[in-house]
Structures are given as structure tokens and as C-alpha cells.
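The structure follows.
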Amino acid sequence: ANKFISSDSRYVGNCIDCHNDSPSAVAESLGSLWVKYPRLDKESGRLIDFEKAIQNEFVKRYGGTKPFYNDVRITEIMVYAYEKARHKRLAFDVEPDDGTPITDSTLIELNASRTCLDVFSTYGNPKGDIAPYVVKGCNIFTKTSSNRPVGYAFWKTIMNCTSCHLQGGTKEYAAHMGDAAVSYPSVYSSNNVIYTNRMRIARCYAHSINEILYGANSEYYKLINLYMAWIAEKSGLPIGAPRESRGIHNV
């Protein structure tokens with residue numbers, strides 16, 4: 001993006017100068033980038049979702065400190081990227097096509113839950129460098145009550161995400177997680193606030209599972225977010241196109 005920085009030090013390039021749909025664009029459009037997150041940051045070995053990527057870019061390109069986790073400008077860019085992906089009917093692309101599938105022996109080493117093994121049997125073992133993180137996200141999703149941060153065990157619960165999202169979040173008409181992954185950011189009607197996927201997961205922890213909030217940048221939320229995006233990708237769901245089976249119905 002440096003080609004857009006003029007000799008006048010007061011001028012700072014705009015995101016759209018690089019990230020646009022022009023054939024001559026120097027960077028991917030925001031819609032195309034939207035479907036590639038969460039992804040693994042190989043330098044830190046941590047997952048970053050689209051929200052964190054924008055925060056990092058703001059610091060890198062414009063200096064200063066990182067904005068708040070739900071800063072209005074960050075949210076607006078996320079909504080814009082989501083809408084661009086929705087209009088193009090893009091699907092999540094978080095798993096590398098040429099990646100090597102994780103082995104069954106590694107699944108055992110990662111203590112993959114019985115439900116996770118059933119999910120992977122249906123969709124195929126996750127591939128590439130994100131594979132262990134997909135497994136971790138699935139484990140948190142299916143064994144939530146036994147996968148909480150150290151120090152929070154004082155709040156006991158027997159609820160798991162799969163108490164409502166059946167079959168590891170893959171059962172139709174029972175809160176399929178692929179439908180959720182392609183539906184956010186969205187206005188949450190109870191308080192008229194735009195919720196990102198990470199915020200929606202945090203709300204489920206606080207209200208549905210009766211856990212406390214683990215912090216804005218919780219790895220737990222990002223791991224679940226990755227698992228949700230992986231399910232949506234494997235289900236072939238376009239961004240912004242949830243099916244009639246979305247939500248919880250009489251089953």
C-alpha cells in the first residue's frame with residue numbers, strides 16, 4: 001500500500017485504495033479476505049479472526065494503539081466486508097485445499113471427543129496447519145464444561161454447546177453452526193447492537209452456559225469461531241444465505 005502514500009506526510013492511504021475489486025488492485029478485496037478468516041498467524045502461533053486482523057492492520061498502517069475490541073469503526077469495516085462476501089455469494093475458505101489431512105492417531109493424541117470423531121468421519125479430517133485448531137475448537141464445543149480456562153472452575157456447569165447444537169453443531173433444524181457462521185455480523189434484536197461471531201459466542205457463554213466472559217480476545221471464542229467457519233465451509237454454505245433449517249425447530 002506504500003504506493004498510495006504521497007510525499008505529503010499528512011496524507012494516509014485508505015483501505016479501499018488497496019483492497020478493491022479492480023483487476024489492478026494491489027491487495028485482495030475485503031469480501032475475498034472475509035472468507036479466509038480465522039487463520040493461523042504463523043509468527044505468533046495464534047489464531048486471528050477478521051476483527052483482530054483489522055486491528056493489527058490499523059496499528060501497522062496508521063500507528064497508535066489498537067482500537068477497542070468492538071470499536072465502531074472496526075465493526076463497520078467488518079459489516080462492509082461481510083456484505084461484499086454476501087453479494088458475491090462467497091463461501092468460507094479457511095482450510096487449505098492442498099493441506100494434508102490430520103491423521104487418526106493425531107486425533108487420538110489431541111483427545112478428540114467421540115462427537116468430534118463422528119463429525120470428522122462425516123466431513124473428513126481437517127487439513128493443513130489449522131487442523132489441530134479445528135480439533136481444539138470442536139473439543140471446546142462438544143466438551144465445554146471440561147474445557148474452561150484455568151482459574152474459572154469455581155463456576156460449575158454441566159452444559160456444553162452441544163446441549164443445544166446437536167451432533168457437534170451439524171444437525172439440521174437443531175442450531176446448525178454453519179448457518180450461524182454465515183449469518184454474522186448481524187443486529188442482535190434484544191439490544192439492537194451489531195454482534196460479531198465472537199460477540200455472539202461470548203453471549204452464549206455468559207447466558208446459555210452460565211459461564212463468565214473470558215475477555216474480548218479469548219482464544220476459546222476464536223477456536224469455536226474457526227470450528228464454525230470450518231463446518232460452514234464443509235457444508236458449502238454461502239455467506240449471508242442461511243437455510244430454512246436455521247435455528248432450533250421441533251425435531
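For the numbers below, each heavy atom of this structure counts, side chains included, while hydrogens, waters and symmetry mates do not.
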Can you say whether the rings of F50 and Y37 are parallel (under 30°), tilted (30 to 60°) or perpendicular (over 60°)?
perpendicular
Between W230 and F120, how do the two ring planes meet: parallel, tilted or perpendicular, split at 30° and 60°?
perpendicular
Determine yes or no for a side-chain-to-main-chain donor-acceptor pair under 3.5 angstrom, with Y227 supplying the side chain and G168 the backbone.
yes
Is there a donor-acceptor pair under 3.5 Å between the side chain of Y82 and the backbone N or O of V182?
yes
Expected output: side-chain N125 to main-chain I102 donor-acceptor under 3.5 Å:
yes
Where the side chain of K127 meets the backbone of D98, is there a donor-acceptor pair that is under 3.5 Å apart?
no
Under a side-chain separation threshold of 4.5 Å, the hydrophobic residues clustered together with I108 are none
Check whether the side chains of D41 and S44 place a donor and an acceptor atom closer than 3.5 Å, and report yes or no.
yes
Begin from the C-alpha positions of E28 and K36 and carry the test salt bridge (Lys or Arg N to Asp or Glu O under 4.0 Å) through to its verdict.
CA-CA 11 Å; E28 292 186 81; K36 295 183 178 180; 2.6 Å; yes
Give a yes or no answer on whether the side chain of N20 reaches the backbone of I16 with a donor-acceptor pair at less than 3.5 Å.
yes
When you check the gap from the basic side-chain N to the acidic O, do K84 and D21 get nearer than 4.0 Å?
yes
What distance separates L223 CG from I130 CD1, expressed to the nearest 0.5 Å?
11.0 Å
Does I231 offer a backbone N or O that forms a donor-acceptor pair with the side chain of S235 under 3.5 Å?
yes
Tell me yes or no: between the side chains of S105 and T103, is some donor less than 3.5 Å from an acceptor?
yes
Report the distance from atom CD1 of I74 to atom NZ of K52, rounding to the nearest 0.5 Å.
9.5 Å
Got a donor-acceptor contact below 3.5 angstrom from the H165 side chain to the A175 backbone?
yes
Compare the SG-SG distance of C161 and C204 against 2.5 Å and report whether it is shorter.
no
Could you point out which residue of S113, S146, S145 forms a side-chain hydrogen bond (donor to acceptor under 3.5 Å, both in side chains) with N160?
S145
Can a side-chain donor-acceptor contact be found between S29 and S32 if the only test is distance below 3.5 angstrom?
yes
Any donor and acceptor pair, going by atom type alone, linking the side chain of K222 with main-chain N or O of L47 inside 3.5 Å?
yes
N-O pairing of K234 and E95 below 4.0 Å
yes
Shortest non-hydrogen contact from A112 to V135?
CB-CG1, 4.1 Å
Measuring from R86:CZ to W34:CH2, what's the distance to the nearest 0.5 Å?
12.5 Å
Is it true that the side chains of N139 and N147 contain a donor and an acceptor less than 3.5 Å apart?
no
Backbone N/O of S24 and side chain of S22: donor-acceptor pair under 3.5 Å:
yes
Backbone N or O of D118 within a donor-acceptor pair of the T122 side chain at under 3.5 Å?
yes
